There are 2 protein chains.
Amino acid sequence: MSPTTRASRRRRPAAVTIHDVAARAGVSVATVSRVLNRKTPVREETSRQVLEVARSLRYVPNVAARSLSIRRSHTIGIVLPEVHGDFFSEVIRGIDLAARRAGYHILVSGSHSDRNEMLEVLAAMRGRVDGLIVMSPDVALSALHDQLADQLPLVLLNSVAEGHTAITIDNYGGAHAMMRHLGTLGHSRIAFIKGPDRNADASERLRGYRHAMRQIGGRAADLEVPGEFSEESGYAAAGSILARHERPTAIFAANDAMAVGVLSAVAAQGLNVPADMAVVGFDDIPIARYLAPPLTTVKVDIAELGRRSFEAVIDRIDRGLPDQPRHECIPTSLVVRQSCGAATSLRRTKKASGKKKTTRQEEI
Amino acid sequence: MSPTTRASRRRRPAAVTIHDVAARAGVSVATVSRVLNRKTPVREETSRQVLEVARSLRYVPNVAARSLSIRRSHTIGIVLPEVHGDFFSEVIRGIDLAARRAGYHILVSGSHSDRNEMLEVLAAMRGRVDGLIVMSPDVALSALHDQLADQLPLVLLNSVAEGHTAITIDNYGGAHAMMRHLGTLGHSRIAFIKGPDRNADASERLRGYRHAMRQIGGRAADLEVPGEFSEESGYAAAGSILARHERPTAIFAANDAMAVGVLSAVAAQGLNVPADMAVVGFDDIPIARYLAPPLTTVKVDIAELGRRSFEAVIDRIDRGLPDQPRHECIPTSLVVRQSCGAATSLRRTKKASGKKKTTRQEEI
DNA sequence: CGCCGAAATGTAAACGGTTACATTCGAGAC
DNA sequence: GTCTCGAATGTAACCGTTTACATTTCGGCG
């Protein structure tokens, strides 16, 4: 029974397989496989021959068969709360870029911060991916332990949990630096619009705010207002802040989306930013510089976050898992624009370049 | 040789397979498979038994093996110019939602509108996906014909090409409706900031603008300014428009990102929107309503675009390809806010609900 | 000229499912 | 009790690779 005999036995037009290539090139499938995977010595001559036949036949290896055999899918799974929005899509982009270079694919799914949905997604990815990048700022990871415990290399994004490798943003440092900046400008009654209660980023930013407030000597608690990271919640929060009898002089929104809402609310009351009220955010979303006035904020290199997390999974995949969990922290930088009322000369401050945590950059 | 004998022969901890389940449940692998796939009659009793064992063993079918056997990956590929940004990430979200419901996964990659990169991505997806959703507003699809021609079900997003099913947005209708609206408000010297030259969306929007200008009687050509769909290019374009000696009374940016730049530029010149200059955009990105002043724009249901395109691929996958290419068009709706200077009473106009093309909705 | 060992290649057994086909089971008809 | 026939289940081939192990090839050497 020649190798070609069983071509197109069942459904479909039948694709060309490694057997077809082998037959046509007059060698065995093993040789073809070796040539294609650059393994073990194959005579130059044979190699060229095989390659040529493969190309002429438009042979494309069947990934399923390959995966089944080598037990690798060359795909990594990404589970995020959402798959849209400035932040998440930028993370995806960062990962995609790195993955592509490494010959990997990405499988993306949003969990909507819902425990069951998350479990579902995780279950569905099982077996499809060689590693997992999970971001779950809201859902307690312990709840997912069962699914995550299986021996898949895992990297946590912006959330920490014992025993797992994690990559996070320096939320605390960023918030703290922003507060120092506001302090420098003379502000001390600084209101803070918080993010969702159990969101890890949000609570770190809050921690930075509180710590700085304590240093400044303000009573932070009175000035904290709840928010949900949405423009709408920022708008609402600003409303409540502006209504205070002892009005703060600055508003620090825990993310830019809320800052956008704040700007809108402040303008709606006929007040001027930054003259009547300084407004700052966190994230440096693309439109931040185009707001009126341009928003002072904390810049986060999100794509880098994605890139690093990919490197981390790959690392664990490649050397088998048994290395201990690491924890990386991506530095942030202050971007001073006009909404904070700072003099707007172009100036760039870098502390001893290199391992700086939070750099500061001012722009026009 | 009992089925369990060959467990863990090669690498890795060895996962539990269908054979293990079969052995433990005292049935054959065929029966297990049938139970799990709800195929052909299996006795209620047996079924329960198998299900129980499977659960207790935490059995998860190996997708690679399954794919290899049934020649389906239950995954569809998505190729977009970029994977981040408001528009693209929203498309991904729409597709993800629909896909998840149907038990499908998505494989995403960005092409950066580069021909070679696109070919690469397409090649890498071959065999991994059951169908493709491709958006390539810039790259001529003919260049990709070779890769696309293979028998994979394909749906084009926002671009049309002979012989392919396509889903597009009613860019023409949306732009035209916006122009009618501006006309109603008394504008006739309306500048238009175009999108990238060979971008399909951009040229349709331009077509809508031109057609409307002809009806209004203006000489459109003078008033068209190049743009690149970025905030920055909008800013620059606005600058050149404002410098004209016979200044237009309104600026229509081909997308919201550019409109953001325009607002910023107009403000920078100390002019007021809409009093001195009406500004409108296209897309209705999330922050549009929070801009100062809130932006009048054309709303596009992007998630819906994603959803529909998914339905379309699935359709073709399920019934085998041989149905003729369809072409669907997603309607748009006018969102009147304040940047156009219209009276801002809340009013909602719907023409005979149902197959309306462009609806108009005004809001506070 | 036969022998040796390394290099090159071939053979066939996995990988873990699905499913065509064969087999067994069991209830009702006679 | 036997026969019949559909329902339930089992057997094993097949999906297309990779790769351990077996086999062949071949250049040099005694």
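Since the model is a prediction, treat every value here as computed from it, not as a measurement. Per chain, numbering begins at 1; letters A, B, ... match sequence-line order.
- In this structure, A:Y104 and A:H74 have tilted ring planes: the angle between them lies in the 30° to 60° band.
- One interatomic measurement links the two molecules: CG of A:N37 to P of D:dT18, which rounds to 5 Å at whole-angstrom precision.
- Closest to the B:I70 side chain, of the nucleotides C:dT18, D:dT9, D:dA12, is C:dT18.
- Atom CZ in A:R34 sits roughly 10 Å away from atom P in D:dT19 (whole-Å rounding).
- Contact check on B:R115 versus B:E117 returns no salt bridge, with no Lys/Arg side-chain nitrogen under 4.0 Å from an Asp/Glu carboxylate oxygen.
- Looking at heavy-atom distances under 4.0 Å, B:V27 makes contact with sugar-phosphate atoms alone, never a base.
- Mapped onto DNA chain D by nearest heavy atom, B:V29 and B:L68 fall at different nucleotides, with B:V29 at the one closer to the 5' end.
- Contacts of A:S33 with the nucleic acid, taken as non-hydrogen atoms under 4.0 Å apart, include base atoms.
- Nearest-nucleotide mapping onto DNA chain C: of A:R43 and B:A64, the residue sitting toward the 5' end is A:R43.
- Between B:E52 and B:R55, none of the side-chain N atoms (NZ, or NE/NH1/NH2) sits under 4.0 Å from a carboxylate O, so this pair counts as no salt bridge.
- C:dT9 atom P lies 11 Å from atom CD of A:E44, rounded to whole Å.
- Evaluation of atom-type donor-acceptor distances gives a pair under 3.5 Å for the side chain of B:S69 against the base of C:dG17.
- The pair A:R100-B:E120 does not meet the salt-bridge criterion, since no charged nitrogen lies less than 4.0 angstrom from a carboxylate oxygen.
- Counting any heavy atom pair closer than 4.0 Å across all strands shown, B:S67 reaches no nucleic acid atom.
- Listed nucleotides D:dT17, C:dG10, C:dG17 differ in distance to A:T31; the shortest reach to its side chain belongs to C:dG10.
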